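Shown next, in structure tokens, is the structure this report addresses.
Below, all heavy atoms of this structure are taken into account, side chains as well, without hydrogens, waters or symmetry copies. Residue numbers start from 1 in every chain, and the chains themselves are labelled A, B, ... in the order their sequence lines are given, proteins ahead of strands. Treat the numbers as computed from the prediction; the structure is a model and nothing was measured.
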2 protein chains.
Amino acid sequence: MATRTRRSQRRTEALSRERIVEAAIELLDAAGESGLTFRALSERLATGPGAIYWHVENKGELLDAVTDAVVADAVAVEAGGSGRAGGAASGSTGAGRAGGEATGAAGAGGAGGVGGLSGAARDGIQAVALGLFDAIEEHPWLATQLATQLSRSPWGTVAPRLFESIGRQVRALGVPEDSWFTATSALMHYILGAAGQNAANSASARALPPDVDRDRFLDTVSTAWEELDPDEYPFTRSLAPQLRGHDDREQFLAGITLILAGITVVHPPAG
Amino acid sequence: MATRTRRSQRRTEALSRERIVEAAIELLDAAGESGLTFRALSERLATGPGAIYWHVENKGELLDAVTDAVVADAVAVEAGGSGRAGGAASGSTGAGRAGGEATGAAGAGGAGGVGGLSGAARDGIQAVALGLFDAIEEHPWLATQLATQLSRSPWGTVAPRLFESIGRQVRALGVPEDSWFTATSALMHYILGAAGQNAANSASARALPPDVDRDRFLDTVSTAWEELDPDEYPFTRSLAPQLRGHDDREQFLAGITLILAGITVVHPPAG
DNA sequence: ACCTGAACACCGTTCAAGT
DNA sequence: ACCTGAACACCGTTCAAGT
């Protein structure tokens with residue numbers, strides 16, 4: 001299911017569920033959630049709105065299919081460290097400041113020498129996590145969509161996909177079997193929450209006037225925090241300086257490091 | 001802002017932003033996101049749709065206000081262990097099997113005797129976390145709404161509110177100052193992700209035919225996992241048994257324990 | 001089997017008109 | 001200052017009719 005990103009058909013090829021999903025992703029990437037309309041979709045596919053209903057039950061099911069396709073692609077990075085696979089027919093918005101591939105990696109290796117961790121499994125978890133992080137950054141609508149779908153049907157197709165790819169790495173970590181569920185859930189929830197929030201930052205930054213770049217955006221938020229009511233928000237205010245010049249990706253990985261450390265402490269590897 | 005849950009006015013009292021938000025919450029609780037309509041809202045408030053626009057910019061702003069109100073209320077539990085505050089004008093669906101107030105608390109105290117943790121701060125974090133957990137369980141639409149709003153404006157009013165109440169507890173934990181941001185973010189993201197997902201479970205269970213109770217629901221999901229493709233989902237399949245008879249609340253707290261352990265290991269208390 | 005496109009019910013939002 | 005309610009533009013979805 002992964003990759004296969006060609007795109008040369010347009011009106012010749014017959015309509016298909018796959019083409020519809022592909023076009024839907026393009027619309028979402030280009031114009032956000034409100035940009036996905038059955039009319040816009042059918043125009044792009046050079047057909048009538050009714051035709052789409054032959055291949056897709058309704059808008060909800062279409063969104064589910066779209067979400068599943070993007071997640072499947074993101075998770076297909078699987079083994080290996082860097083080098084992303086395909087990108088599920090997107091195109092538009094590049095990965096932003098795509099420079100350092102997890103350089104520094106938030107003090108990986110574990111501050112304090114937390115023992116017993118398989119380094120490969122640790123890398124595996126980071127790879128999966130960054131795969132999702134990047135997918136959400138590339139498709140900002142994915143964060144909300146993921147929440148919506150996991151909310152609506154936790155037993156759907158997306159949850160097992162995420163669970164499987166994260167869980168395999170947890171198992172490889174040497175965590176005892178009766179803790180697999182807890183450890184995997186914790187990682188999954190953190191990844192979804194953090195990736196969603198962080199992607200939001202880039203999306204917002206991107207939405208600002210072009211001459212206002214990312215640093216300026218963080219400056220703005222930081223300033224907003226500094227202007228909060230001192231009585232109600234003393235803690236948040238005190239953190240405003242740390243917000244300036246913080247790196248999303250590094251922060252994200254630091255959180256993963258935290259959870260991995262917790263896992264190995266609370267559920268020490270059996271070996 | 002918290003509590004004040006009276007409700008006796010209906011058509012006599014003048015329209016106000018507060019009454020609109022209150023009515024919106026009732027509609028959302030009763031009929032989900034699709035139930036909140038400017039027409040339904042104005043009917044409930046015995047007025048015309050246009051009147052609402054005098055007090056509220058548009059639907060997005062209304063949803064923001066609604067989300068903020070519920071979160072403010074949930075977070076206002078603040079100190080103290082149990083005993084919830086008000087419940088932000090909801091009414092409908094009770095808290096489900098509201099029996100044990102965090103009994104057992106997922107082996108609190110820390111398996112293996114993780115040192116240095118202030119017990120009070122630990123309880124404080126659990127209280128905040130459970131406050132949000134319960135709020136989302138009571139208002140299932142909140143999960144999606146939270147994701148949407150944090151996505152749209154991470155510098156909005158909700159993020160600082162969560163950050164502040166979680167962060168204060170992190171500080172009380174004795175974590176060194178330069179790790180406050182990382183630790184607070186990790187907790188916040190986990191809480192949002194996990195609470196959302198778990199609330200989804202109860203919501204789904206509630207939506208099933210009334211004679212099908214929660215255990216039966218978990219059975220269904222568990223069975224679905226057992227029927228996944230053995231080649232693609234070996235790990236998830238192997239976890240199906242653990243899913244049967246697992247307790248959302250306990251699982252949620254176990255995750256928090258994990259992260260707290262990670263925090264104290266990676267960022268040991270200064271004292 | 002698959003596609004067309006007009007039609008329906010419904011929604012967010014606006015705005016001239018009222019008090 | 002605040003409310004009314006008809007009107008507008010747009011949306012998801014349906015369905016008789018075509019090929």
Side-chain angles (χ1 to χ4, degrees), chain A residues 9-69 141 144-145 148-149 151-153 156, chain B residues 9-69 141 144-145 148-149 151-153 156:
Chain A
Q9 4 79 320
R10 181 91 318 160
R11 71 197 63 187
T12 57
E13 217 137 313
L15 211 51
S16 73
R17 198 180 157 90
E18 214 181 23
R19 277 193 65 205
I20 293 173
V21 167
E22 190 185 338
I25 293 176
E26 290 171 5
L27 280 175
L28 285 166
D29 285 345
E33 313 209 30
S34 70
L36 179 56
T37 285
F38 272 77
R39 269 165 255 258
L41 198 51
S42 57
E43 193 183 353
R44 189 178 195 95
L45 292 166
T47 181
I52 295 170
Y53 282 87
W54 185 262
H55 302 273
V56 145
E57 195 100 34
N58 51 40
K59 192 171 185 181
E61 204 224 5
L62 173 58
L63 282 169
D64 283 357
V66 156
T67 303
D68 187 66
W141 46 268
T144 302
Q145 218 40 57
T148 307
Q149 202 195 312
S151 269
R152 193 173 34 215
S153 56
Chain B
Q9 3 79 320
R10 181 91 317 162
R11 73 196 63 185
T12 57
E13 216 137 313
L15 211 51
S16 73
R17 197 180 157 91
E18 214 180 22
R19 277 193 66 205
I20 293 174
V21 167
E22 191 185 336
I25 292 176
E26 290 171 5
L27 280 175
L28 285 166
D29 286 345
E33 313 208 30
S34 70
L36 179 57
T37 285
F38 271 77
R39 269 166 255 259
L41 198 52
S42 58
E43 193 183 354
R44 189 178 196 97
L45 292 166
T47 182
I52 296 170
Y53 281 87
W54 185 261
H55 302 272
V56 144
E57 194 100 34
N58 52 40
K59 193 171 186 181
E61 204 224 5
L62 173 58
L63 283 169
D64 282 357
V66 155
T67 303
D68 187 64
W141 46 268
T144 301
Q145 217 42 56
T148 306
Q149 202 195 312
S151 268
R152 193 173 34 215
S153 56

Might you list the N or O atoms of the protein lying below 3.5 Å from N or O atoms in nucleotides 8-14 of chain D, with each pair's distance?
residue, atom, partner, partner atom, Å
D:dG12, OP1, A:Lys59, NZ, 2.6
D:dG12, OP2, A:Phe38, N, 3.0
D:dG12, N7, A:Arg39, NH2, 2.5
D:dG12, O6, A:Arg39, NH2, 2.7
D:dT13, OP2, A:Tyr53, OH, 2.9
D:dT13, OP2, A:Lys59, N, 2.9
D:dT13, O5', A:Tyr53, OH, 3.1

Exercise. So, A:Ser42 side chain and A:Arg39 main chain: donor-acceptor pair closer than 3.5 Å or not?
Worked result: yes
For this session: Please collect all salt bridge (charged side-chain N to carboxylate O under 4.0 Å, His left out) contacts where either partner lies in residues 49-61 of chain B, sequence neighbours excluded, each pair once.
Result: B:Arg17-B:Glu61
Problem set entry | Any side-chain heavy-atom pair of B:Leu41 and B:Leu45 under 4.5 Å | yes
Exercise. So do the side chains of B:Val66 and B:Trp141 get within less than 4.5 Å of each other, counting heavy atoms only?
Worked result: yes
Exercise. Can you check the A:Trp54 CH2 to D:dG18 P distance for me, whole Å?
Worked result: 17 Å
For this session: For A:Ser16 and A:Arg19, indicate whether the former's side chain and the latter's backbone hold a donor-acceptor pair under 3.5 Å.
Result: yes
Exercise. If you write DNA chain C from 5' to 3' in dot-bracket form, with Watson-Crick or G-U pairs under 3.5 Å, [ ] for crossing pairs and | for pairs with another strand, what do you get?
Worked result: ||.|||||...|||||.||
Exercise. Which distance, rounded to the nearest 0.5 Å, do you find between the CD1 of A:Ile25 and the OG1 of A:Thr67?
Worked result: 8.5 Å
For this session: Inspect the surroundings of CD in A:Glu33 and state if more than 12 heavy atoms from other residues, nucleotides or ligands are less than 6.0 Å away.
Result: yes
For this session: Side-chain contact test, heavy atoms from C-beta onward, threshold under 4.5 Å: evaluate it for A:Leu62 versus A:Asn58 and give yes or no.
Result: no
